[in-house]
Asks: 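Quick one: structure below, then a few questions.
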Number of protein chains: 2
Amino acid sequence: MTRPTINDVATAAGVSKGAVSFALNGRPGISEDTRRRILETAETLGWTPSPRARALSVSKALAVGLVIARPPEILRADAFFPAFISGLETVLSTRGHALLLQVAEHEDHAAYRRLVQEGRVDGVFVTDLQVEDERPALLEQLGLPAVVIGPHLGEQPGPRQAALGVDDAPGVRAAVRHLVDLGHTRIAHVSGPQHLVHGRSRRDAWSQALREAGRSEGPCVEADFSAESGARAMATLLDLPEPPTAVVFANDLMAMAGLSLAQSRGVSVPDDLSITGFDDIEISAHLQPALTTVHTDVVAWGRAAATRLLQLVDGVGGVVPDLPEARLVVRSSTGTAPHRRRTNR
Amino acid sequence: MTRPTINDVATAAGVSKGAVSFALNGRPGISEDTRRRILETAETLGWTPSPRARALSVSKALAVGLVIARPPEILRADAFFPAFISGLETVLSTRGHALLLQVAEHEDHAAYRRLVQEGRVDGVFVTDLQVEDERPALLEQLGLPAVVIGPHLGEQPGPRQAALGVDDAPGVRAAVRHLVDLGHTRIAHVSGPQHLVHGRSRRDAWSQALREAGRSEGPCVEADFSAESGARAMATLLDLPEPPTAVVFANDLMAMAGLSLAQSRGVSVPDDLSITGFDDIEISAHLQPALTTVHTDVVAWGRAAATRLLQLVDGVGGVVPDLPEARLVVRSSTGTAPHRRRTNR
DNA sequence: CCGATCGACTAAACCGGTTTAGCAGTCCTG
DNA sequence: CAGGACTGCTAAACCGGTTTAGTCGATCGG
């Protein structure tokens, strides 16, 4: 009835418990004959290892944690987590590690404390990195390995930490260059929260790309990645005395909301106004006009993050596959700058 | 350095290991005096229980599992899982249970087998229920408690299983009645996959509500909940010799795509065509026109599902808080039926 | 006043693995 | 041919809790 244990295998094979453990783990000190015999009996008995027992014995949890810190449903209500998790799992499951989820209010150090206190995980992923984020320091102090989903840390990361090296800047820069090439001169930005790293880095990239192109920096409205805030920001921009001819949104959700709002005011996209997004969520390709946006491979991020974290946990080095670079997907929400503006300059 | 164990507490308090265990678990057989003394020393030593050890000892995992089976990013790329998980966690974390995630290819029985084999979980949630779903039977056979996210099972559920009792029908019926009240006579449906329970039940509700209202059943196009399929379905409907004046979409994502496609063809919403969705995702309120849709409280589902599963795991009965009923949110994507149609009848 | 009962607690087994110490037997060496 | 090294295995401790069996002293009934 109940699952066979290593003890059952031992008595069945006529050897000791320790010998079975050695054989199953491929350690030396067991002759080839006995090893084969042990493996065979284990097979026929249908033995499978008990992570519970192993975890207690080796003082490891054989699991890693992902803390989701999103207030209500704001902040990327998009498909980031499902896709990211999917990437994590493909790596973790083949390495015998489980993925533990915890939902915490932001700034919830207690959530991380509890994870390490209870010893349920061997490491964690840190998402939604903030600009002055205390969590890496906290985790370092707690001694819990961590992979931060964000750009490479400026300061030297601790020995048990790593940054994934995702960099949104090239994608945003490509979007800006695309707009510049279309002749736009007033290119605005609707940013994410500036206390979030990916909110700030996208804004910096927009600003820098404009400078590189020799364009003056257009207006920037800070929003919070939610559709509602995107619509509000679009309204603010349209109400400007000299509204922009192009808007770079920090994510698709806001871009969609902005697109809808513009259209409802009789502003034609892309004839009067060009719009770009970021993320390339599924719906973006099916809007009218289809959204020009930056495509990111979040599943690949997940795979890389999991690979790296397991390296940290096991204390080995190694090379992590490069992250695929974000690429601009040009659809029909961007077009040449409206004529009056073009001649204006 | 290392965390104090129950043994440390015992020697510090000058009692035996067993006594400490009794005291900490509030079992009889310990005098009030010693109990207090033990609790105090545990407190000052900063003792916290080790789920690892407890799990091995009581032969339970102290964790429950959620298997996410979504092919790539299709099937509800929406915010269902984040919200649902958030609801699960509020209950689980207060009860000392962890949430384990596993991503599986569709219909991957092996995923469930592994979970129970490894003994990592005490129970699981089953989502995306199919019409002829083999998973409940499989789990029953494996002896793993399960809560099915779907309507109450027709057949008597096993002793270790429960259905959550979510019912999409009232929401869909309300949407159809709303359209009927607005004078629509050709009310179409863009459904989800008919092998999924929530795909089929929404379609059945649409069909039934039309009959109840004395209207003939309009055209129905089967789609797969993705934006792309929603756009295709909308195109099919518009190409009909006698296109519908209203379309009930099985989710918001498809409704959004359908809305965009209709508008791009010069069909005015809601003047020429009324559209309703299902889910009420955040963007829906910020489209132009804002989407009339059915609001569901997925977080509450999560809470209820977790509560019920823990009851099953602990083998106790009990009452689970009622699920909040889905409610129709009327916005501006629905309006009175176009005049020509109205007089047609 | 003696044996039974009860309350409070200790000792030890147990969960299912890993790991270390030790113990035969064999082989090599001087 | 004794001594040391090596091979292949066993026995037992250990991880950190829970739980059962048992001990000891005090209380109680007869």
Side-chain angles (χ1 to χ4, degrees), chain A residues 1-39 41-42 45-63 96-98 116-120 122 314, chain B residues 1-39 41-42 45-63 96-98 116-120 122 314:
Chain A
M1 190 58 232
T2 166
R3 274 180 33 218
T5 77
I6 197 175
N7 244 323
D8 301 332
V9 177
T11 57
V15 295
S16 77
K17 207 173 146 187
V20 176
S21 179
F22 283 146
L24 291 170
N25 292 313
R27 281 145 144 275
I30 299 285
S31 70
E32 262 321 301
D33 271 9
T34 13
R35 180 186 307 276
R36 198 167 31 245
R37 187 157 46 88
I38 290 174
L39 292 181
T41 51
L45 257 56
W47 176 87
T48 53
S50 155
R52 289 212 281 265
R54 188 193 304 247
L56 179 61
S57 185
V58 301
S59 298
K60 290 221 217 167
L62 303 177
H97 278 247
V116 59
Q117 273 272 336
E118 298 187 341
R120 290 236 213 211
D122 299 322
D314 296 341
Chain B
M1 190 59 233
T2 165
R3 274 176 38 214
T5 76
I6 198 175
N7 244 322
D8 302 330
V9 176
T11 58
V15 293
S16 77
K17 207 173 147 189
V20 176
S21 179
F22 283 146
L24 290 170
N25 292 314
R27 282 142 141 277
I30 300 283
S31 72
E32 262 319 302
D33 271 10
T34 26
R35 180 186 305 275
R36 199 166 30 244
R37 189 159 45 89
I38 291 174
L39 291 181
T41 52
L45 258 56
W47 177 87
T48 53
S50 156
R52 290 212 279 264
R54 189 193 302 250
L56 179 59
S57 186
V58 302
S59 296
K60 288 217 210 174
L62 304 177
H97 278 246
V116 60
Q117 272 273 336
E118 298 187 341
R120 288 239 213 210
D122 299 321
D314 296 340

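Just so it is clear: chains get the letters A, B, ... in the order the sequence lines come, proteins before strands, and each one is counted from 1.
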Asks: Nearest heavy atom decides the nucleotide; on that basis, is B:Val58 or B:Ser31 closer to the 5' end of DNA chain C?
Replies: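 The 5'-side residue here is B:Ser31.
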
Asks: With respect to the phosphate group of C:dG17, does any side-chain polar atom (N or O) of A:Trp47 fall under 4.0 Å of OP1 or OP2?
Replies: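 For C:dG17, OP1/OP2 do have a side-chain N/O of A:Trp47 under 4.0 Å.
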
Asks: In whole Å, what is the span from the CG atom of A:Asp8 to the P atom of C:dG16?
Replies: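 After rounding, the gap between these two atoms is 8 Å.
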
Asks: Within the structure shown, what part of the strands sits under 4.0 Å from B:Arg35 by heavy-atom distance: base, sugar-phosphate, or nothing?
Replies: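 Result for B:Arg35 = nothing.
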
Asks: Rounded to whole angstroms, how far apart are CG on B:Leu24 and C1' on D:dG16?
Replies: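 Those two atoms, CG and C1', are 12 Å apart.
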
Asks: Grab the CG-C1' distance between B:Leu56 and C:dC14 for me, whole Å please.
Replies: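 After rounding, the reported distance stands at 9 Å.
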
Asks: Any side-chain N or O of B:Arg27 under 4.0 Å from OP1/OP2 of D:dT19?
Replies: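 Looking at the OP1 and OP2 atoms of D:dT19, one of them is under 4.0 Å from a side-chain N or O of B:Arg27.
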
Asks: Nearest-Å distance, CZ (A:Phe22) to C1' (C:dA21)?
Replies: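 Going from CZ in A:Phe22 over to C1' in C:dA21 covers 11 Å.
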
Asks: Distance check: side-chain N/O of A:Arg52 vs OP1/OP2 of C:dG17, anything under 4.0 Å?
Replies: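 For C:dG17, neither OP1 nor OP2 has a side-chain N or O of A:Arg52 closer than 4.0 Å.
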
Asks: Looking at A:Arg52 and B:Leu56, what are the two nearest heavy atoms and their distance?
Replies: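 Where A:Arg52 meets B:Leu56 most closely, the heavy atoms are CD-N, 4.2 Å.
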
Asks: Within the structure, does a side-chain N or O atom of A:Thr34 lie under 4.0 Å from either OP1 or OP2 of D:dG8?
Replies: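 For D:dG8, neither OP1 nor OP2 has a side-chain N or O of A:Thr34 closer than 4.0 Å.
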
Asks: Counting side-chain heavy atoms from CB outward, which of D:dT18, C:dC15, C:dG17 is closest to B:Ser59?
Replies: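 The listed nucleotide nearest to B:Ser59's side chain is C:dC15.
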
Asks: Report yes or no: does B:Arg120 contribute a side-chain atom to a donor-acceptor pair with the main-chain N or O of B:Ala63 at less than 3.5 Å?
Replies: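 Side chain of B:Arg120 to backbone of B:Ala63: no pair is present.
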
Asks: When the axes are fitted on five pairs at both termini, how much does the helix from C:dC1-D:dG30 to C:dC27-D:dG4 curve, in 10° steps?
Replies: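 Answer rounded to 10°: the end axes differ by 70°.
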
Asks: In whole angstroms, how far is the P atom of D:dT18 from the NZ atom of B:Lys60?
Replies: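 Going from NZ in B:Lys60 over to P in D:dT18 covers 13 Å.
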
Asks: What parts of residues 9-21 of chain B reach DNA chain C, counting only heavy atoms under 4.0 Å away?
Replies: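 Heavy-atom contacts with DNA chain C come from B:Gly14, B:Val15, B:Ser16, B:Ala19.
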
Asks: Would you please test A:Ser50 and A:Thr5 for side-chain contact (heavy atoms from CB on, under 4.5 Å) and show each step?
Replies: CA-CA 8 Å; A:Ser50 155; A:Thr5 77; over 6 Å; no

Asks: Where is the tightest heavy-atom contact between A:His97 and A:Asp122, given as atom of each residue plus distance?
Replies: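 Distance-wise, the nearest heavy atoms are CE1-OD2, 3.8 Å.
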
Asks: What is the distance, to the nearest angstrom, from the CZ atom on B:Arg54 to the C1' atom on C:dC14?
Replies: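 Atom CZ in B:Arg54 sits about 16 Å away from atom C1' in C:dC14.
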
Asks: Has A:Thr41 got a side-chain atom pairing as donor or acceptor with A:Arg37's backbone, closer than 3.5 angstrom?
Replies: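 Checking the backbone N and O of A:Arg37 against the side chain of A:Thr41, a donor-acceptor pair under 3.5 Å is found.
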
Asks: Using a distance-only criterion (donor-acceptor N/O pair, under 3.5 Å, no hydrogens), is the base of C:dG17 paired with the side chain of A:Ser57?
Replies: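 Result: at least one qualifying N/O pair found.
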
Asks: Remember a base hit wins even if backbone is also touched, and classify B:Ile30 as base, sugar-phosphate or nothing at under 4.0 Å, heavy atoms.
Replies: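 Counting heavy atoms under 4.0 Å across all strands, the contact made by B:Ile30 is with sugar-phosphate only.
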
Asks: Is there a side-chain polar atom (N or O) of A:Asn7 under 4.0 Å from OP1 or OP2 of C:dG17?
Replies: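 For A:Asn7, the contact criterion (side-chain N or O under 4.0 Å from OP1 or OP2 of C:dG17) is not met.
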
Asks: Calculate the interatomic distance between B:Ile6 atom CD1 and D:dC14 atom C1'; express it in whole Å.
Replies: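 Answer to the nearest Å: 16 Å.
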
Asks: Can you tell me if A:Arg35 uses its side chain to pair, donor with acceptor, with the backbone of A:Arg27 under 3.5 Å?
Replies: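 Judged by distance alone, yes, a pair lies under 3.5 Å.
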
Asks: Between A:Ala61 and A:Ala55, which heavy-atom pair has the shortest distance, and what is it?
Replies: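 Heavy atoms only, the tightest pair is O-CB, 4.2 Å.
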
Asks: Show the nearest heavy-atom pair for residues A:Leu39 and A:Ala23, with the distance to one decimal.
Replies: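 So the minimum-distance heavy-atom pair works out to CD2-O, 4.2 Å.
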
Asks: For A:Ala19, give me all partners under side-chain contact (heavy atoms from CB on, under 4.5 Å), at least two apart in sequence or on another chain.
Replies: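 Only A:Val15, A:Ser16, A:Ile30, A:Ile38 meet the side-chain contact (heavy atoms from CB on, under 4.5 Å) criterion with A:Ala19.
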
Asks: Tell me: CZ of A:Arg36 to C1' of D:dG8, nearest whole Å?
Replies: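 In whole Å, D:dG8 C1' and A:Arg36 CZ are 15 Å from each other.
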
Asks: Is the backbone of A:Pro49 close enough, under 3.5 Å, to the side chain of A:Arg54 for a donor and an acceptor to pair up by distance?
Replies: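 Here the side-chain-to-backbone pair does not exist.
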
